[in-house]
Amino acid sequence: MTSKIVNINLSSCSYDIFINDSYFDFSALQDLLCNRKIAIISNDIVAPLYLDDLKSTLSDYKDSIFSHILADGEHNKNLQGWNSILDFLAENNFNRSDLLISLGGGVICDMTGFAAASWMRGIDFMQVPTSLLAQVDASVGGKTGINHKMGKNLIGAFHQPQAVIINTSTLKTLPLREYKSGLGETVKYGLINKPQFTTWLTNNATVINNQETSVLTQLIAKCCQYKAEIVQQDEKESGIRALLNLGHTFAHAIETYTQYTTYTHGEAVAIGMVMAAELSDLINISDSHNLRKELEKHLQDFHLKIMLPKAIDANKLVELMRLDKKVINNRHRLILMKSIGNAFIQKDVCEKDILQSIKNCQQ
Ligand SMILES: NC(=O)c1ccc[n+]([C@@H]2O[C@H](COP(=O)([O-])OP(=O)(O)OC[C@H]3O[C@@H](n4cnc5c(N)ncnc54)[C@H](O)[C@@H]3O)[C@@H](O)[C@H]2O)c1
Ligand SMILES: [Zn+2]
C-alpha cells in the first residue's frame, strides 16, 4: 500500500489531502464526522460503484448518513442540479453544523462544494474525488460552482473543503477516455512553472499510460502539491492563481460552443493549451518560436487530441471567450508561455491574434 498526505495551508484554514491506493482513508477525520448529519452527494454512474464502500467506511456514523444521487454529466452541472441538492438538504433538515461529502468526478465536486458554500451561508464539506481530473485538480483549492447557459462556471464561490480523501483504486473503473482527460489537466502543472514535472511525465509516460498503481499516488501527490503552492500564495485568484487557467479560456469556449457533448473538460484544456502555445509563438512571446510543436509532442505522449475540427466557428469561440471571467473591459487577459515551465499573465491580447491562433489549430 502507498499513501501520501499533502497539506494546504491558507490564512483562513488548513486542510489535508489524503491519498491512498486502496481505501477511503477517513482515519484522521473522526472528530469532523461525529455528531452531525452527513449527506453524500454522488451521481448515477459513481454511486452504484462506490457508495456502499464509502458508507461502510463511515459505518460508525451510519445513523447520520443520507445520500443524494444526481444524474451524471457536465450538462447537469447547472442551477437545477444545484437546486436539487438544496431541496434535499431542506427536506432532511440539514443545518449549519452538518456536513456534505462529494463522491464523484469534478462535476460532483464542484456542485457539492457550491451547495455547501451556499446552504445557510456556508457549511462544511469534504471531497472524495473519483476521476483523475478531480483528484489532480477539481477537488483541491476551494473553487466551487456550476455552469450558466451563457458559459461555464459563471456561477460559483470560493469555499474550501475540510479534507480531500483520494482512493486511487477508484480509477480502475474510470473509462480510459476520462483517464486521458485527467492527464490533460495534469500536463498543465509542468507548463505553468514546473519544467522538471514535464520531464518526469515524459520519462514515466509508459507507466502512466498503463495506470500502474505505484505511479498514480506519486502523480496525484505531485499535482496536489503544485496546486497547493499556488493556492497558498493567492487563494482568491487576484494574481498568480490565474496561471492555473492556462488553456482554460479557449477550453471553456470550446465546451460551451459544443454544449458539453463533444469534448471532456481535460480534452478541451489540452487543445486550449495548444492554442495558447500557438498564440505565444504567433505574437513572438515564446523563446523558441516553436513552443506549439514542443507541447504537441508532449501531449501526444498521452494520446491527447491537439487540433479542433474546421467545422467549429472560430469567430463564435472568440465571442464566447469575451464572456470569460478573465476578460476585463473587453480586453483579453490570457495565460501565455515563454517556454515549457514558464507561463505568465498577458493582458490586452488582441482579438485578431486570438482568432488567428484558433484557426491555426484547426484542421
Ligand atoms: N473547481 C476546480 O478547481 C476545478 C478544476 C478543474 C476542473 N473542474 C471541473 O471539473 C469538471 C470535470 O471533471 P471530470 O473530468 O472529473 O468530469 P466528470 O465529473 O463529468 O467525470 C467524468 C465521467 O467519469 C465518471 N466517473 C467519475 N469517477 C468514476 C469512476 N471512478 N469510475 C467510473 N466512472 C467515473 C463520471 O460520472 C463522468 O461520467 C468540469 O466541470 C470542470 O469545470 C473544476
Ligand atoms: Zn480545468
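For ligands, and for the atoms within them, numbers begin at 1 and follow the listed sequence. Being a predicted model, the structure only gives us computed values, none of them experimental.
- Of the N or O atoms in Val107, one or more lie within a sub-3.5 Å distance of an N or O in ligand 1.
- Asp348 and Arg333 are not joined by a salt bridge, as no carboxylate oxygen comes within less than 4.0 angstrom of a charged side-chain nitrogen.
- For the pair Leu174 and ligand 1, a heavy-atom separation below 4.0 Å is found.
- If you look at Tyr260 and His265, their ring centroids are not closer than 6.0 Å.
- Counting heavy atoms under 4.0 Å from ligand 1, residue Thr173 touches it through both backbone and side chain.
- The side chain of Asn43, and not its backbone, has at least one atom closer than 4.0 Å to an atom of ligand 1 (non-hydrogen atoms only; side chain from C-beta on).
- Neither side chain, Ser357 nor Asp353, offers a donor N or O lying under 3.5 Å from an acceptor on the other.
- Of all the heavy atoms in Asp234 and Arg241, the pair that sits closest is OD2-N, 2.8 Å.
- At the shortest separation from atom 31 (N) of ligand 1 among protein heavy atoms lies Thr170 O, 2.9 Å.
- A salt bridge links Lys188 to Asp137: at least one charged side-chain nitrogen sits closer than 4.0 Å to a carboxylate oxygen.
- Under the 30°/60° scheme for interplanar angles, the aromatic rings of His68 and Phe88 are found to lie parallel.
- Of all heavy-atom pairs between Asn9 and Ser14, the closest is OD1-CB, 3.8 Å.
- Protein-derived N/O/S atoms nearer than 2.8 Å to the Zn ion (ligand 2) total 4, waters excluded.
- Atom-to-atom distance recorded for Ile5:CD1 and Ile166:CD1 is 12.0 Å, nearest 0.5 angstrom.
- The part of Ile45 lying near ligand 1 is the side chain, judged by heavy-atom distances below 4.0 Å.
- Within a 6.0 Å sphere centred on CG of Asn35, heavy atoms belonging to other residues, nucleotides or ligands number 12 at most.
- Using a 4.0 Å cut-off between charged side-chain N and carboxylate O, Lys194 and Glu229 make a salt bridge.
- Heavy atoms of other residues, nucleotides or ligands lying less than 6.0 angstrom from CD of Gln30 number more than 12.
- Near Leu49, the atoms of ligand 1 lying under 4.0 angstrom from a non-hydrogen atom of the residue are 32 (N), 33 (C).
- In terms of protein heavy-atom proximity, atom 42 (C) of ligand 1 is closest to Lys152 NZ, 3.6 Å.
- Heavy atoms of Thr144 found under 4.0 angstrom from ligand 1: none, in either backbone or side chain.
- Thr217 pairs by the side-chain contact (heavy atoms from CB on, under 4.5 Å) definition with Thr2, Lys4, Ile19, Asp21, Thr168, not counting sequence neighbours.
- Nearest-residue assignment for atom 6 (C) of ligand 1 (options Asp137, Asn76, Asp44; heavy-atom criterion): Asp137.
- Of the heavy atoms in Asn147, none comes closer than 4.0 Å to ligand 1.
- Residue contact annotation: Glu185 has a non-hydrogen atom under 4.0 Å from ligand 1.
- The nearest heavy-atom contact from the protein to atom 21 (O) of ligand 1 is Gly105 CA, 4.1 Å.
- Each of the following atoms of ligand 1 lies closer than 4.0 Å to a heavy atom of Asn153: 43 (O).
- The protein non-hydrogen atom at the shortest distance from atom 9 (C) of ligand 1 is Asp110 OD2, 3.4 Å.
- Of the heavy atoms in Lys227, only side-chain atoms (C-beta onward) come closer than 4.0 Å to ligand 1.
- Taking the six-membered ring wherever Trp is involved, the centroid distance between the rings of Phe26 and Phe18 does not fall below 6.0 Å.
- Proximity annotation for atom 27 (C) of ligand 1: of Val269, Thr130, Thr168, Leu132, Thr130 comes nearest, heavy atoms only.
- Looking only at heavy atoms of the protein, atom 40 (C) of ligand 1 is closest to Glu74 OE1, 3.1 Å.
- There is no side-chain donor-acceptor pair under 3.5 Å between Thr130 and Thr170.
- Per-residue contacts place Lys77 under 4.0 angstrom from the following atoms of ligand 1 (heavy atoms of the residue considered): 9 (C), 40 (C), 41 (O), 42 (C), 43 (O).
- The distance from ligand 1 to the heavy atoms of Val46 drops below 4.0 Å at these ligand atoms: 26 (N), 27 (C), 28 (N), 29 (C), 35 (C), 37 (O).
- Taking the six-membered ring for Trp and thresholds of 30 and 60 degrees, Phe197 and Tyr189 have ring planes more than 60 degrees apart, a perpendicular arrangement.
- For Arg121, the CZ atom is loosely surrounded, since the number of other residues' heavy atoms within 6.0 Å does not exceed 12.
- At a 4.0 Å heavy-atom cut-off, ligand 1 touches Leu133 through the side chain alone.
- Nearest non-hydrogen protein atom to atom 8 (N) of ligand 1 is Ala138 CB, 3.5 Å.
- Contacts between Leu171 and ligand 1, counted as non-hydrogen atom pairs separated by less than 4.0 Å, are absent for every part of the residue.
- Taking a cut-off of under 4.0 Å to the non-hydrogen atoms of Asp72, the atoms of ligand 1 that pass are 36 (C), 37 (O), 38 (C), 39 (O).
- Cation-pi contact between Lys180 and Phe302: absent, since separation from the ring centre below 6.0 Å together with deviation from the ring axis within 45° is not met.
- Judged purely by atom type and a 3.5 angstrom limit, His248 uses its side chain to pair as donor or acceptor with the backbone of Leu246.
- Salt bridge absent: Glu319 and Lys316 never bring a charged side-chain N and a carboxylate O closer than 4.0 Å.
- Residue-to-ligand polar distances place Ser131 within reach of ligand 1: an N/O pair is separated by less than 3.5 Å.
- Here His265 has side-chain heavy atoms under 4.0 Å from ligand 1, and that is the only part of it that gets that close.
- Within a 6.0 Å radius of CE in Met1, other residues, nucleotides and ligands contribute more than 12 heavy atoms.
- Of the N or O atoms in Gly106, one or more lie within a sub-3.5 Å distance of an N or O in ligand 1.
- Residue Tyr50 has at least one heavy-atom neighbour below 4.0 Å for each of these atoms of ligand 1: 31 (N).
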